[in-house]
Trainee: 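Mind having a look at this structure? Questions to follow.
Per chain, numbering begins at 1; letters A, B, ... match sequence-line order. Because the structure is predicted, anything quoted here is derived from the model rather than measured. All heavy atoms count here, side chains included; hydrogens, waters and symmetry mates do not.
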Amino acid sequence: MPKKFKENFKVIANERQTSEFVVLTLKHPGQLPEMFPGQFAEVRADGAMEAYLRRPLSIHDVDYTNNTLKLLIQDVGPGTHQLSSLQKNDEVNLVYPLGKGYDLPDSDKVLLVGGGCGVAPLLFLGRYLKENGIKPRFLIGARSKSDLVELDAYNRLGEVFVTTEDGSMGTKGFVIHHPVMKTFDPDFEWLYTCGPEAMMKVLAKYSRERNVKCQVSLENTMACGIGACLCCITPTVEGHKCTCIDGPVFDANYLKW
Amino acid sequence: MPKKFKENFKVIANERQTSEFVVLTLKHPGQLPEMFPGQFAEVRADGAMEAYLRRPLSIHDVDYTNNTLKLLIQDVGPGTHQLSSLQKNDEVNLVYPLGKGYDLPDSDKVLLVGGGCGVAPLLFLGRYLKENGIKPRFLIGARSKSDLVELDAYNRLGEVFVTTEDGSMGTKGFVIHHPVMKTFDPDFEWLYTCGPEAMMKVLAKYSRERNVKCQVSLENTMACGIGACLCCITPTVEGHKCTCIDGPVFDANYLKW
Amino acid sequence: MVDLSVTLGNINLKNPVMTASGTFGYGEEYSDFINIEELGGIIVKGTTATAREGNAYPRMAETPMGMLNAVGLQNKGVDAFVNETWPRIKKYDTNFFVNVSGSTVEEYIETAEKIASINEIPGIELNISCPNVKEGGMAFGTSCPSAIAVTEAVRKVYPGHLMVKLSPNVTDVTEIAKGVEGAGADSVSLINTLLGMAIDAETRKPILSTVTGGLSGPCVKPVALRMVWQVASSVDIPVVGLGGISSARDAIEFLLAGASAIQVGTANFREPDVTANIISGISDYMERHNISEISDITGGLIIEK
Amino acid sequence: MVDLSVTLGNINLKNPVMTASGTFGYGEEYSDFINIEELGGIIVKGTTATAREGNAYPRMAETPMGMLNAVGLQNKGVDAFVNETWPRIKKYDTNFFVNVSGSTVEEYIETAEKIASINEIPGIELNISCPNVKEGGMAFGTSCPSAIAVTEAVRKVYPGHLMVKLSPNVTDVTEIAKGVEGAGADSVSLINTLLGMAIDAETRKPILSTVTGGLSGPCVKPVALRMVWQVASSVDIPVVGLGGISSARDAIEFLLAGASAIQVGTANFREPDVTANIISGISDYMERHNISEISDITGGLIIEK
Ligand SMILES: Cc1cc2nc3c(=O)[nH]c(=O)nc-3n(C[C@H](O)[C@H](O)[C@H](O)COP(=O)(O)OP(=O)(O)OC[C@H]3O[C@@H](n4cnc5c(N)ncnc54)[C@H](O)[C@@H]3O)c2cc1C
Ligand SMILES: Cc1cc2nc3c(=O)[nH]c(=O)nc-3n(C[C@H](O)[C@H](O)[C@H](O)COP(=O)(O)OP(=O)(O)OC[C@H]3O[C@@H](n4cnc5c(N)ncnc54)[C@H](O)[C@@H]3O)c2cc1C
Ligand SMILES: Cc1cc2nc3c(=O)[nH]c(=O)nc-3n(C[C@H](O)[C@H](O)[C@H](O)COP(=O)(O)O)c2cc1C
Ligand SMILES: Cc1cc2nc3c(=O)[nH]c(=O)nc-3n(C[C@H](O)[C@H](O)[C@H](O)COP(=O)(O)O)c2cc1C
Ligand code: FES
Ligand code: FES
């Protein structure tokens, strides 16, 4: 297993996207270790009285040249609120890189489907696929236009499709309602997804029916993040597995969904 | 009883005095209520995980024209550390003004004796005395020259005597060893003190022997600060009294010392 | 419009939010911060037959998200309450309950009888978990027979609402709850403090003058919630839940677990106006969830099998 | 130079800092963060006679300065430990203790016997406070007769160091400590988790699949410290203290209260290298206070009368 680290990073930018979302850019003091898309960090929310445990956050993007990594944070509670408020030059402590990320596909027909803060790992995944010669396409779902963040960044990597529940941008409805999903069969052979469990379950079923490979990233509640506490299990065809080390990315077929 | 408030103040300055001491200047959003020297505030140390309860801190100085008050904070633990780190424009929540302060003397021969962070209320007291036509004199004790803070501010109000344990400034030794204490009898009829209990006990004994009025300010551990929990008691000639509402300032003779 | 009122046996409370004994003085102390008449009830501090000086200083130690106290029932005695305190506070339009404490059954009886003479006081809270009592140092509240004995004895002399406050320092809190229900309690409140201890590593001494003390604050909430749920599932009388409540969300958790009303203790020290926020927060929650009465929340925990 | 080594009955530990069962896996999980050979000991996760899947998800709820868990003894069973895990971890030069759990006395016996076959394992920690066991659902550890019965039974088949882990969910922990001492325990460790509960006010459901779970972390420290002090004052065998320890200062408080060694649990989740800091912090403390041996700290609490 690749080595894990506990290190302080320095915040070099906090870019607020919406009232709920921020992107933090963190600088490593030296040379960043290699990371893979779908992996996450356990981040200490110093100063949040109600966050004794670290908060798991996906690696949103990595820049090995500048030794920076990005986190996309949705402010949903005390821990993420504290982290969203970090300012330039603040320090933040990460235990990382954790977990098993997405696999490289055995096809170049891939679709990356994200919803909500579930888009977080897909930027890094898109970049990684592109570097490996695979052109990513993105399908991103949100409640409304104002909840869509960083579309430009995805656009730079590949084609982007959008759905919004209120129809304020792209196709109205959920990701599954987007036309690209109808013409899926011929176009896509791998589906990568991350987002609300309900969305991923629909995509898993969809993929099973079409015999398409589907990898999902789970967001179970975690205490240790390194396979020691067994708090984060998910039922699989081989019994209970830890989301933090056996996942967070799983083949949809491996899960008891 | 005068009204108490719970209000947010804005930090307008954090002046570091030494590695241990800072002076915070806080701005009230409107008109400051009247306060008396010796009174304190219960300050919420937001962001300090190990400080659920508020921290009692003396009113160090008040400026009714600018609606600011000052706190002198010694960084001794999680709560005071957090408060010492507040930056300009941060908000801080105070419950104040609390407790019974120093009485006005019935003599104009007064000495104000402080040690350590015990000097905190004496600046406000000195100003208050001066405004009431009484010229304060200060005797300030510290471990070393580098622990003496704000001597200029005291100097502007009255004469300042100094003792240091290592002799790096003023008289070497404890406050009780300063020459002014030897010539006390004729010169001073009221003694106001605040600082380590051991120091105050020596001064109380000294005053008793010379029949000098002595008011001390206690620093008992507090939970509520408003007389509701009975955690902060001190034994007095009339039984257990609350330091937070019956004090923190007591006549030395009233205490079971 | 949501209706926040609740009934506790024969008593009507404006809302389910009361303040816990020993943490709210006689209410007056907080009147600069909130309108105490808006409270469902105020449980005044532990009152004993005769005046008590309580324990020596230090009486408090802060702990992670909580505190230990060793106040030890300092109060001026029931006569002073009846003759001095009550005339001063009776003007407030809310329910005052007197927390009745003691070292012997006789002392509980004496205090309860004297409180019974004040008609406007609807009930007492029988504090059967204070330390330093008869029976070999074992508190009344940690042994079922003695909890029953003191409840029965007080029941005989006290006609008003008899709320019995349970200790969490027991193997099976439901056993004691059922015992005092059988002995005539009109309701039970829980939890009192958990027995804890703090040490100063530098001086190598205990921080409290009494070595051990009572733990309270947010840190105890999970234990309190569990016990309230267990007790509410095993008795028929109303349950008043407390232990670490510091927000409307906390309060609602206790109601869902089966509490008919709640008390707020240590949180008052951090936020002297916390109870006002809890009351309005409960009202907001009810509007958001389309709930019109508190009784629709009480015991509403959904457990999927 | 300070000497951090301690003896626990017949076992020598490099220092008093061990890791608590269920919070440190098999040690390997933490080897990127600290040199696990520097630990006084590692208590591996609860091991049962046969493999167990544990409880359903969700198994964890965060609470103020702590957490509830409902893992429920998920493990591959003692045979897998002996045949797969042990060969992998035996290379580490530290003391591994196996936390032996079960639902019946027979199951405890079977597991203990199989662990006894591994010579390099100096001892077991008998976990007598897991839920869902025989005897009407009452855990072994909350009834004195059953705690004695299981300890006696395991003592007969297990020749190594027998540490018995006590439950804090009892009225009188000293009674049970004395019971298992009489039944042949070589040491006692305490505390296991406090029974607690968490509710999601929005969904109105319990957060844990099992409704209640075990509370751990800094929030329980005051209760743990009190119990360690009580037990150390009432038994003659060594006491291993745990519950909320997250700093050297915390560890020293437990030693002063009477613990011969300590365990670190939940704090590992927040700081995977916390044990290394605790070890060096204890060493600093000893130098600062001119203490040359840990045994000079153990029980060194100064109580002024
Ligand atoms: C592997 C992994 C990767 C993640 N990546 C990201 C990311 O890149 N960006 C991001 O914003 N969030 C991410 N999350 C979710 C994030 O960890 C939680 O939102 C965060 O822990 C909530 O902490 P809090 O203190 O802000 O709120 P809390 O008060 O802890 O929770 C607020 C609400 O969120 C729910 N919640 C808490 N923890 C989780 C969880 N782990 N999963 C689902 N719901 C939860 C709670 O039940 C509650 O309703 C990830 C989670 C996992 C497990
Ligand atoms: C009426 C009053 C006025 C005060 N005025 C000032 C002031 O103007 N400036 C200032 O810096 N400090 C003042 N103090 C002391 C200040 O309240 C404590 O230093 C502070 O609460 C410590 O909090 P902490 O979290 O930083 O440290 P903690 O970890 O709480 O304590 C650190 C150390 O200080 C000791 N300590 C904690 N609280 C107290 C206390 N109330 N009294 C004495 N020792 C304590 C602890 O035992 C520990 O050894 C005052 C205290 C009182 C009661
Ligand atoms: C300082 C203090 C004094 C207390 N005094 C009493 C008392 O006199 N009688 C009583 O029954 N409970 C007393 N308690 C216990 C509280 O009423 C309450 O049961 C406990 O603190 C748990 O609630 P909390 O976590 O909300 O504080 C006291 C608690 C504190 C903190
Ligand atoms: C996730 C988790 C799993 C645990 N599993 C076990 C176990 O298998 N056996 C056991 O005896 N104790 C178990 N415990 C209890 C701990 O060993 C320890 O007694 C408790 O957590 C208190 O210590 P702490 O506050 O330092 O965590 C577990 C605790 C946690 C948090
Ligand atoms: S979070 Fe601890 S095992 Fe996954
Ligand atoms: S601090 Fe509560 S009465 Fe003084």
Side-chain angles (χ1 to χ4, degrees), chain A residues 1-8 33 41-46 48-56 76-80 93-99 197 218-247 255-257, chain D residues 19-34 42 44-46 51-76 198 207-209 213-214 216-219 244 246 265-274 276-277:
Chain A
M1 256 208 267
K3 207 167 144 53
K4 301 183 270 293
F5 302 89
K6 172 184 155 180
E7 283 168 333
N8 273 347
E42 281 273 18
V43 185
R44 210 172 59 208
D46 292 340
M49 205 163 214
E50 290 168 77
Y52 178 73
L53 298 171
R54 288 169 181 263
R55 294 313 193 235
V76 297
T80 50
N93 190 272
L94 271 62
V95 168
Y96 78 108
L98 305 178
E197 198 167 291
L218 298 187
E219 282 203 0
N220 288 1
T221 324
M222 295 181 177
C224 72
I226 59 173
C229 74
L230 307 188
C231 287
C232 65
I233 52 104
T234 191
T236 71
V237 294
E238 293 180 340
H240 285 162
K241 292 288 171 186
C242 286
T243 305
C244 69
I245 48 163
D246 301 313
L255 298 176
K256 280 270 184 73
W257 271 10
Chain D
T19 52
S21 178
T23 68
F24 208 70
Y26 296 98
E28 315 156 294
E29 291 85 346
Y30 286 87
S31 56
D32 280 345
F33 303 102
I34 53 163
I42 294 173
V44 306
K45 35 192 313 67
R52 294 199 186 199
E53 278 279 279
N55 294 316
Y57 180 83
R59 292 180 171 184
M60 195 276 277
E62 194 166 357
T63 66
M65 285 299 260
M67 61 177 275
L68 289 163
N69 90 79
V71 170
L73 299 178
Q74 175 176 338
N75 79 107
K76 293 189 179 147
I207 296 182
L208 301 174
S209 67
S216 63
C219 57
S246 54
T266 305
N268 291 300
F269 303 155
R270 184 173 155 94
E271 304 298 355
D273 55 356
V274 68
N277 294 333

Trainee: Against chain A, work out which of D/Glu53, D/Met60, D/Glu29 has the most heavy-atom pairs shorter than 4.5 Å and name it.
Mentor: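 Of the candidates given, the most pairs with chain A belong to D/Glu53.
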
Trainee: Is it the side chain or the backbone of D/Met67 that comes within 4.5 Å of chain A heavy atoms, both, or neither?
Mentor: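 For D/Met67, side-chain heavy atoms alone lie under 4.5 Å from chain A.
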
Trainee: Any idea which of A/Ile226, A/Thr221, A/Asn220 has the most non-hydrogen atom pairs under 4.5 angstrom with chain D?
Mentor: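 That would be A/Asn220.
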
Trainee: Can we say A/Arg54 and D/Glu271 salt-bridge, meaning some charged N sits less than 4.0 Å from an Asp/Glu carboxylate O?
Mentor: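 Counted as a salt bridge, because a side-chain N and a carboxylate O are separated by less than 4.0 Å.
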
Trainee: How many angstroms lie between CD1 in A/Ile233 and NZ in A/Lys241, if you round to the nearest 0.5 Å?
Mentor: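 Here the interatomic distance stands at 11.5 Å.
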
Trainee: So with a 6.0 Å cut-off around NZ of A/Lys6, is the heavy-atom count from everything else above 12?
Mentor: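 Result for NZ/A/Lys6: enclosed.
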
Trainee: Out of D/Gly25, D/Gly217, D/Ala56, which one racks up the most heavy-atom pairs below 4.5 Å with chain A?
Mentor: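 When all of D/Gly25, D/Gly217, D/Ala56 are compared, D/Gly25 has the most.
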
Trainee: Taking atom CD of A/Glu50 as the centre, does the number of heavy atoms from other residues, nucleotides or ligands within less than 6.0 Å exceed 12?
Mentor: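 For A/Glu50, atom CD is not crowded (no more than 12 foreign heavy atoms under 6.0 Å).
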
Trainee: For D/Tyr57, is it the side chain, the backbone, both, or neither that has a heavy atom closer than 4.5 Å to a heavy atom of chain A?
Mentor: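 Contact with chain A is through both the backbone and side chain of D/Tyr57.
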
Trainee: D/Ala70 versus chain A, heavy atoms under 4.5 Å apart: side chain, backbone, both or neither?
Mentor: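 Neither part; nothing is under 4.5 Å.
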
Trainee: OG1/A/Thr236 to CG/A/Leu255 distance, rounded to the nearest 0.5 angstrom?
Mentor: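 Answer rounded to 0.5 Å: 7.5 Å.
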
Trainee: Distance check, rounded to the nearest 0.5 Å: D/Ile207 atom CD1 versus D/Leu68 atom CG?
Mentor: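 The CG atom of D/Leu68 is 8.5 Å from CD1 of D/Ile207, to the nearest 0.5 Å.
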
Trainee: For chain A, which of D/Pro272, D/Ala267, D/Pro218, D/Gly66 has the most heavy-atom pairs under 4.5 Å?
Mentor: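 When all of D/Pro272, D/Ala267, D/Pro218, D/Gly66 are compared, D/Pro218 has the most.
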
Trainee: Tell me, out of D/Ala61, D/Pro64, D/Gly22, who's got the most heavy-atom pairs with chain A below 4.5 Å.
Mentor: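 Heavy-atom pair counts peak at D/Gly22.
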
Trainee: Does any heavy atom of chain A fall under 4.5 Å from the side chain of D/Ser246, the backbone, both, or neither of them?
Mentor: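 The side chain, not the backbone.
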
Trainee: Roughly how far apart are A/Tyr52 OH and D/Thr63 OG1, rounded to 0.5 Å?
Mentor: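 Taking OH in A/Tyr52 and OG1 in D/Thr63, the distance rounds to 10.5 Å.
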
